[in-house]
Amino acid sequence: MEVFTFEKSFLERLKEAEDVLSWEGAVMPASQVRSEWKSYVELKIEPAGWQAIWKIPRVICEDLKLRYPTIVYGYVEQVIFEELKAVFVVTAVQDNDVHLPESNEVSLVELWPTVQQENSALNVDTTAECIDRLRFFYTHIWMPWDKDYDDDRDWVQQHLEARIQLVCDLNKNRLPRPLALHMRTLLAEASYIQQRLDFLELDLSDAESDDEAVELNDNAAEPARKQPKTSRANSSLNASSLPVTDLMCLHLRMAIIKSEFEILENPEMRRAYSELQSNSIKRLRSSFGSTRQADDFLAERTPISHVVTAPGKLQQQLDLLTLAKSMVRAESQVQLANTLQDVLSNCQSNDHILLSPGEHTIKFLEHLNDNGSLSGLIQPEAILNPTLDLSKLPVVGSSDEDSTLLVIDGDYTLSQLVLDCRHVRRGILLRHGTLTMRGCRLLGDGNSSTQEGIVCMPGASVELKSCLIENFAVGISMRPRSCAELGNVQLKNCKTGMELLEKTVSLNLQGSKCSFDSCKVGIMAEGFALGVGKTEKVLVLKQFSELQQFFEDNLLGNCSFNNCAKNVRVFNESDQLLAQRSYQRLLEVDIEGENKENIQLS
């Protein structure tokens, strides 16, 4: 089945949002904004009976230990206009391992009405378009902290025009790339924090209400029982296990983001911020004798090699430089650096970076592309040695508020590195080009049901040689028309080692030395035609060769499965909840807002 999608420009969508908030009164406080949308929704949305797809939010997937995104099919039993929510009844799931309450109270923006409806008399086109407008407004214009805005101030006058201008500037790539990516990262983080806060605070309030009910009946002949709340999908969280400090930390981080974003919302302050960001270039200029020398250096030049070393004894540094000498061409220019963050902020995209052993923490908000490379100064076999301490290896990690460690948007090479992804939701997002990885190790947190190691977007390709990917919800996610070549690669302790999200994926497991070890599912394939007479919704296979028979032209090589609960799991194409185009659209919704920027260097 298909869901409604609307191809509109940002300007059209912004104009629609302005029309909804065309307020004739003198002042429209933040509280009135929701009332205006409520009135609009009441006029446009069918109150009950329409079918939709519910895309379960990440925070609920994390709590229920579901993969993300998880979609389910059902119908709206009732629209709660006052809260912009709906009571959604689940009637079908893609995966039988997904267990949800039958009735769930969900936000309208999480619903995607389907084109096919059991009741053809319903005006579902208008319903879908209304939800699309609502989703756009609450994704791009309304900020999570706006609900706490002072009611005696005019929200429209203070923010609407500035927010619309900001959305246009971001969409048209009018802002400096580092600033645009920084603001998008703040927005993505704020949205996730708000979902998490709503989720935790709701559950805590439910727990307190239950405790009060038990206390009031404590003197009765039989204390009242706590009844399970089936009306909310997020009611399974045990609130007593959540320290109040978790909520405090989330509120504190949100306050920090709010303070910074409200500054950047002002166009003049954005210009000032960009000037501050350019200080690194100014320092580089001042290191030369004249401006002309700096301009000559910053102009087009041959790639140089940056050697990043942590503090150490003289002999250690000499040993590292000796190793670097064997990895750098004799004619190449070399520059020594203190931190990886500084190098990434200033180098050309096709430069080569060499890292000493030790932890290198980054908050990198741009793309890696243009045939550059990032390599560790260590012998290749050391990375995969399980006995070596991480502190003795080149480790690249990120701060815990980042969503993705590295974004690749072109040809790039990573070698002899440990990528510590335990504090991010995604290790590598490969948007375009070819990523080559040799002798690398990716570490997940081992707990999250939504964390991904490598996401390969449509048209991109990844080549892995002698790599280890462990402790992720999904080790490698292959989107439609993407390609992967794996040689001597181990995927270990993942909920799903590799997922193939469409039959157009090309996968070559070279040399039969790839292995899936202690995964719940080794390989999961979606959208594969199981052939005539195959009516199973899900097929479980023991060998990769059995999967090849369904699409042998795109699947080459072989692998081994060791101690996996299910080796290969195939979802029948004919039994998919969503048509491929609609499913692909839902997959892209989250990623399109993260690190989306023009890739040409300014």
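In this chain, residues are counted from 1 in sequence order.
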Residues [X] and [Y]: side-chain donor-acceptor under 3.5 angstrom:
X: N385; Y: E381; result: no
X: T404; Y: R426; result: yes
X: Q341; Y: T339; result: no
X: S477; Y: E499; result: yes
X: S305; Y: H352; result: no

[X] side, atom [atom1]; [Y] side, atom [atom2] - distance, nearest 0.5 Å:
X: R196; Y: I60; atom1: CZ; atom2: CD1; value: 10.0 Å
X: D97; Y: K65; atom1: CG; atom2: NZ; value: 15.5 Å
X: S259; Y: W145; atom1: OG; atom2: CH2; value: 9.0 Å
X: R422; Y: N447; atom1: CZ; atom2: CG; value: 11.5 Å
X: E62; Y: F199; atom1: CD; atom2: CZ; value: 9.0 Å

What's the shortest heavy-atom distance between [X] and [Y], and which atoms?
X: L250; Y: I193; answer: O-CG2, 3.7 Å
X: Q451; Y: C421; answer: NE2-O, 2.6 Å
X: L555; Y: L547; answer: CD1-CG, 3.7 Å
X: A324; Y: L354; answer: CB-CD1, 4.0 Å
X: G557; Y: N508; answer: N-OD1, 4.2 Å
X: G376; Y: L417; answer: N-CD2, 3.6 Å

Could you walk me through whether R67 and V474 pass the side chain to side chain contact (heavy atoms under 4.5 Å, CB included) check? CA-CA 8 Å; R67 57 184 291 230; V474 178; 5.5 Å; no

Counting N and O atoms only, with roles assigned by atom type, does the side chain of [X] sit under 3.5 Å from a partner on the main chain of [Y], one being a donor and the other an acceptor?
X: T496; Y: M498; result: no
X: N471; Y: G446; result: no
X: S398; Y: I362; result: yes
X: Y412; Y: S373; result: yes
X: Q194; Y: S191; result: no
X: E189; Y: L186; result: no
X: S506; Y: C483; result: no
X: T361; Y: V396; result: no
X: R135; Y: V109; result: yes
X: Q317; Y: K313; result: no

List the residues meeting side chain to side chain contact (heavy atoms under 4.5 Å, CB included) with [X], not counting sequence neighbours, and say none if there are none.
X: A382; value: I378, L388, L393
X: S515; value: Q490, D517, S560, N562
X: I256; value: L252, R253
X: L187; value: M143, F261

Can you find a pair of side-chain heavy atoms, one from [X] and one from [Y], that are under 4.5 Å apart?
X: L539; Y: L541; answer: yes
X: V98; Y: L66; answer: yes
X: Q416; Y: L355; answer: no
X: L509; Y: L556; answer: no
X: W112; Y: I71; answer: no
X: C559; Y: F516; answer: yes

Please check if the number of heavy atoms outside R438 that lie under 6.0 Å from its CZ is greater than 12.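 No - once you tally the heavy atoms of other residues, nucleotides and ligands closer than 6.0 Å, there are 12 at most.
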
Please list every donor-acceptor pair under 3.5 Å in which a side-chain atom of residues 458-467 meets a protein atom from a residue at least two apart or in another chain.
{"residue": "S461", "atom": "OG", "partner": "T434", "partner atom": "OG1", "Å": "2.8"}
{"residue": "K465", "atom": "NZ", "partner": "Q510", "partner atom": "OE1", "Å": "2.2"}
{"residue": "S466", "atom": "OG", "partner": "N488", "partner atom": "ND2", "Å": "3.4"}

CA sep, side-chain torsions, deciding dist, call: E546, V568, side chain to side chain contact (heavy atoms under 4.5 Å, CB included): CA-CA 9 Å; E546 296 179 62; V568 180; over 6 Å; no

Going through the checks in order, is the side chain to side chain contact (heavy atoms under 4.5 Å, CB included) test met by H306 and D351? CA-CA 8 Å; H306 303 265; D351 282 351; 3.0 Å; yes

Ion pair present between R569 and D95, side-chain N to carboxylate O less than 4.0 angstrom? yes

Candidate pair R58 and E452, rule salt bridge (charged side-chain N to carboxylate O under 4.0 Å, His left out), full reasoning: CA-CA 13 Å; R58 182 185 293 272; E452 301 163 309; 5.4 Å; no

In chain order, what residues pass the side chain to side chain donor-acceptor pair (under 3.5 Å) check against K566, with sequence neighbours excluded?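 Applying side chain to side chain donor-acceptor pair (under 3.5 Å) to K566 gives none.
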
With side chain to side chain contact (heavy atoms under 4.5 Å, CB included) as the criterion, how do V106 and L111 come out once you've worked through the C-alpha distance, each side chain's angles and the decisive distance to 0.1 Å? CA-CA 8 Å; V106 307; L111 296 177; 3.9 Å; yes

